[in-house]
Number of protein chains: 2
Amino acid sequence: MKSFDVQESVISAAVELFALHGFGSTSVQQVVEAAGVTKGAMYHYFRSKDDLLFAIYEQLLTLQSEHLRAIIASDLSTADKLRAACIDVIETSVDSLQELTVFFQSAHLLSEDRRKDVTQRRRAYNDEFASLIESGRREGIYRSDIPRAVLIAHFFSDVHYLSTWFSPDGPEDKTLVAEQLTDLFIRSIAV
Amino acid sequence: MKSFDVQESVISAAVELFALHGFGSTSVQQVVEAAGVTKGAMYHYFRSKDDLLFAIYEQLLTLQSEHLRAIIASDLSTADKLRAACIDVIETSVDSLQELTVFFQSAHLLSEDRRKDVTQRRRAYNDEFASLIESGRREGIYRSDIPRAVLIAHFFSDVHYLSTWFSPDGPEDKTLVAEQLTDLFIRSIAV
DNA sequence: AAATGCAAACCGACTGTTCGGTATGGTGAG
DNA sequence: CTCACCATACCGAACAGTCGGTTTGCATTT
C-alpha cells in the first residue's frame, strides 16, 4: 500500500535534470525538490550523488545486456541476429532517451570504482556484439578490410547520437529510424 | 615581446579541464590555477564562465565552416566534394578532439543567447553539407529512400563519437580512420 | 522496545562574480 | 629627454549564495 515510491521518484527526477542540465550542473537540492522529497529521504536511499548517477546507468545497462544475450542465444542466422541486435539497441535507446543522454554525457564523472564497473559491463556488451560481426566475417558475409573496432564504433555512434537529434515528438518514427540506421550500417559492412 | 598570452593559456586550460571533468564540474578556480593566471586576469578577458565555453565553440565552428565552404567552392565533382568534406571534418575533429568533447558534452549548458548562436551556425554547416547530398541525389548517385535528416545524423554521429573512442596514441591512424569512416558512410548512401 | 522512514536544521567548503586598487607601457606636451 | 596622463593588464580579497553531505529527532511500523 505504498502510495509514493521515493527511490523511483528521485531517480526519475534525476534522469530528467541530469539530461537537461548535466550531472555537474545539477544540485542534489534541485533533484529532491523536483522529486518532491527531502534531502534526508534521498540520502536514506542513496549513499551519494554519485550513487544516483550509477543507479541510472545500471538500469539501462542491465536492460540492454539482457536483450542482447537473448538475441544471441536465439536460433536466428548470424545476419538476422546482428540485424535484430541493432534494431533492439536503437529502439530501447530511443525508449530511454534521457537515460542515454545522461549516460554518454556524464559517464566519466563517476567515481573511479563505479566507472570501472560501468566500463567493464560496457566492454562485455561490446564484445558480445563484436562476436556477431566476427561470426559473420567467418561466414564471409561481412567485410574484413576495416578494423573491427572501427566497425563497432561506427555502429554505436548512431546509438550514441540518437540522444542529440532524435525526438519522440519529431517527424521521425522510432521503428522506422531503427530500420533505416540498421540498414545503413549493415549495407556499409556487407562484402 | 609578450611572453605569455593569458587568453590562450586560459582557453587551453579550460578545454582540457572541461573535456576531462565536464563544464559544470569544473570551477573557475581550477581553470585559472591550471592556466597559471589569477581570477582577476581571467575575468578581464572573459565576461563569464559561459563566455569561456562559447570561445571554445567559436574556434572550432569557424575553422570547420571555412574548410567546408572552400571545398564546396572548389571545382571537384559532387562525389569528390562530399568525400573531401567528410574526410576533412573527421580529420579536423581528431585534431581538436578535446574541443570536440567539450562541444558535444556541454553545448546545452550555454546561456540562451549563446546557444542560439551556436545552434544557428551548426545548422548552417549542416545545410551546406546537406546540399552536397542533395546534389548527388539529383545526379542519381545517392539513394533517396531514407530521409536526408537521417543520413546527415548518420554521418555526424561518427564525427561526434570520435571523441569517445579515438585516441591519438591508440592503434588507429587519423588519416586511415577518416578514410574508413568516409568509405562506410558513402557506401551506405550510394544507390 | 527496536527498527525503519523520513523531515528539518545545519555544517564547512566552495561557487561564480565583483571590485578597489596597483603595475605597466605607450602617447603627447613642454 | 622628461614627465604627466591615461588606458589596459592584472591582482587578490571579499561577496552572497549554494554545494554535497551529516546530524538529530520524531513518527510510524514491526
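Being a predicted model, the structure only gives us computed values, none of them experimental. The sequence lines fix the lettering, A, B, ..., with proteins before strands; numbering per chain opens at 1.
For the side chain to side chain donor-acceptor pair (under 3.5 Å) condition, the pairs that include at least one residue of residues 159-176 of chain A, sequence neighbours left out, are A:Asp95-A:Lys174.
Applying the side-chain contact (heavy atoms from CB on, under 4.5 Å) rule to A:Gln180 yields the partners A:Leu176, A:Val177, B:Ile146, B:Pro147, B:Val150; only residues at least two apart in sequence or on another chain are considered. For A:Asp50, the side chain to side chain donor-acceptor pair (under 3.5 Å) test picks out A:Ser111, with sequence neighbours left out. In this structure B:Phe155 satisfies the ring pair (Phe, Tyr, Trp, His ring centres under 6.0 Å) test together with B:Phe129, B:Phe185, sequence neighbours excluded.
One atom, NE2 of B:His44, and another, P of C:dT24, lie 15 Å apart when rounded to the nearest Å. The distance from atom CE of B:Met42 to atom P of C:dC19 is 15 Å, rounded to the nearest whole Å. With rounding to whole Å, A:Glu33 atom CD is found 14 Å from C:dA7 atom C1'.
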Checklist entry - Along nucleotides 12-30 of chain D, 5' to 3', which nucleotides get a B, which get an S, and which get a -, given that the test is a protein heavy-atom distance under 4.0 Å? => result B------SBBB--------
Please list every donor-acceptor pair under 3.5 Å in which a side-chain atom of residues 99-107 of chain A meets a protein atom from a residue at least two apart or in another chain.
residue: A:Thr101; atom: OG1; partner: A:Leu97; partner atom: O; Å: 2.8
residue: A:Gln105; atom: OE1; partner: B:His108; partner atom: NE2; Å: 3.3
residue: A:Gln105; atom: NE2; partner: B:His108; partner atom: NE2; Å: 3.3

